[in-house]
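So the structure is just underneath, and the comments pick up after that.
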Amino acid sequence: MAQVRVYVRLKPALLDTAGRTVETALHRMGWPTVSNMRIGKLIEFEMDGGDEQAVREMCSKLLANPVIEDYSIEVTTP
């Protein structure tokens, strides 16, 4: 059984309002050195065989919005 991790994040050219909000909050909480915060999501699942091409298809059809998001895939097998 392969372990699959998909990292999804907004494309760099897009404004990340969630990242900006958290960054501002961290500044107010006393961490002014934090900058350029971007927030994404991590999707983990197990899959027989760990077919990366199948995972790419999942990403393009459901797990990510390719218009506004980039993604990367990590497949590990024990």
Side-chain angles (χ1 to χ4, degrees):
M1 187 73 69
Q3 300 288 321
V4 180
R5 286 188 176 140
V6 178
Y7 301 93
V8 181
R9 60 192 71 77
L10 284 174
K11 291 187 174 189
L14 296 176
L15 176 64
D16 184 340
T17 55
R20 183 71 182 137
T21 300
V22 171
E23 182 181 312
T24 299
L26 289 172
H27 290 174
R28 289 183 184 150
M29 295 171 72
W31 290 286
T33 57
V34 174
S35 63
N36 297 316
M37 177 160 295
R38 307 286 291 178
I39 293 180
K41 59 187 170 186
L42 167 63
I43 302 166
E44 293 180 304
F45 56 94
E46 295 178 347
M47 179 180 180
D48 284 336
D51 180 357
E52 191 168 325
Q53 184 57 38
V55 176
R56 287 192 186 289
E57 189 173 342
M58 291 176 204
C59 289
S60 66
K61 291 184 175 180
L62 180 66
L63 301 178
N65 179 345
V67 174
I68 62 169
E69 296 173 321
D70 290 328
Y71 60 87
S72 59
I73 299 167
E74 184 180 294
V75 178
T76 56
T77 54

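Atoms considered below: every heavy atom in the structure, side chains included; atoms not considered: hydrogens, waters and symmetry mates. Numbers here simply count residues along the sequence, with the first being 1.
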With a 4.5 Å cut-off on side-chain heavy atoms, are [Y] and [X] touching?
X	Y	result
H27	V34	yes
V4	E74	no
R20	R38	no
V8	C59	no
L26	M37	yes

Give the C-alpha distance, both sets of side-chain angles, the deciding distance and a yes or no for side chain to side chain contact (heavy atoms under 4.5 Å, CB included) between N65 and Y71.
CA-CA 9 Å; N65 179 345; Y71 60 87; over 6 Å; no
Please determine, by modelled atom types, if E44 and Q3 share a side-chain donor-acceptor pair under 3.5 angstrom.
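On atom types as modelled, these side chains do not qualify, holding no pair under 3.5 Å.
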Look at atom CE of M1 and say whether more than 12 heavy atoms of other residues, nucleotides or ligands are closer to it than 6.0 Å.
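Count over threshold, so yes.
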Which atom pair, heavy atoms only, marks the closest approach of A2 to V75?
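Heavy atoms of A2 and V75 come nearest at CB-CG1, 4.0 Å.
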Nearest non-hydrogen partners of P12 and D70, listed with the distance
CD-OD2, 3.5 Å
Step-by-step side chain to side chain contact (heavy atoms under 4.5 Å, CB included) determination, W31 to E23
CA-CA 9 Å; W31 290 286; E23 182 181 312; over 6 Å; no
Measuring from atom CD of E46 to atom OG1 of T76, what distance do you get when rounded to the nearest 0.5 angstrom?
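Those atoms lie 9.5 Å apart.
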Verify the cluster assignment for F45 and L42: are they in a single hydrophobic cluster under the rule of side-chain heavy atoms below 4.5 Å apart?
no
Consider only side-chain heavy atoms of I, L, V, M, F, W and Y, link residues closer than 4.5 Å, and tell whether L10 and L62 are in one cluster.
no
Under the side chain to side chain contact (heavy atoms under 4.5 Å, CB included) rule, what do M47 and V55 come out as? Steps first, then yes or no, please.
CA-CA 9 Å; M47 179 180 180; V55 176; 3.7 Å; yes
Are the side chain of R5 and the backbone N or O of S72 linked by a donor-acceptor pair below 3.5 Å?
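No, the answer is negative, given that no donor and acceptor are paired below the 3.5 Å cut-off.
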Examine distances only and state if a side-chain atom of K41 and a backbone atom of V6 form a donor-acceptor pair shorter than 3.5 Å.
no
